[in-house]
Amino acid sequence: MATKPKIAVFASGNGSNFQAIADAIQAGKLDAELVLAITDRPAAFVVERARRLGIESFSFVPSQYDSKQLYEEMLKEKLFEHGVEWLVLAGYMRLIGPVLLDAFENRIINIHPSVLPAFPGKDAIGQTLAAGAEKAGVTVHYVDAGMDTGSIIAQQSFPIAGRKREAVEAEIHKIEHELYPATLQRLFKHSFI
Ligand code: GRF
């Protein structure tokens, strides 16, 4: 049996996508080993989720480092120590810098709650609604140096049709929790899409 890719999930908040990925692995739907949860917010709920699942987590406080380069060097060491091969961003609210981009070239993936290239950046759902868009959706993409600009791997959209923000958010999360593990599985099986 081929060895399973080792992944680290980066999250800054609730971590429901981290949970969905861990659940998919547990259910045998995603052949990967989730070896580390990384957060830049030590109080984030993702830390508690990791604890409950018995997955190691690592928290750091970016302001305690003199530069992004320094904390990314520290993260790189940590990731290498754990043999991590893929970085899976799930609600990680920071741009990835050159240190990690170089160390994990074409092996950093993100999920974003809009149909990119429309509405990159913060509060994509709010942006979508404020623009009066007909559709909302989700994109899984490779990470490059830009803000949600990397090559698109998978997308799914649905009509907003007068729905309130809560309903749109709920639909987006529902899609994310299916689409992210399924897309990672395809990616890991084929190395490209
Ligand atoms: C998701 O909507 C994801 O698309 C975006 O941030 C949110 C994270 O949610 N990048 P959660 O922390 O996984 O619950």
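Counting starts at 1 for both ligands and their atoms, following the listed order.
For ligand 1, residues of the protein lying within 4.0 angstrom by heavy-atom distance are Asn14, Gly15, Ser16, Asn17, Gly91, Ile111, His112, Pro113, His173, Glu176.
Between the side chains of Gln155 and His141, no donor N or O sits under 3.5 Å from an acceptor N or O.
The CD1 atom of Ile125 lies 5.5 Å from the CZ atom of Arg165; values are rounded to the nearest 0.5 Å. Rounding to the nearest 0.5 Å places NZ of Lys135 at 11.0 Å from CD of Gln156.
The aromatic ring centres of Phe18 and Tyr92 sit 6.0 Å or more apart.
Evaluation of the ring-ring contact (aromatic ring centres under 6.0 Å, His included) test over residues 40-72, restricted to residues two or more places apart or in two chains, returns Phe60-Tyr71.
In plain terms, the two heavy atoms of Leu184 and Ile21 that are nearest each other are CD1-CD1, 4.0 Å.
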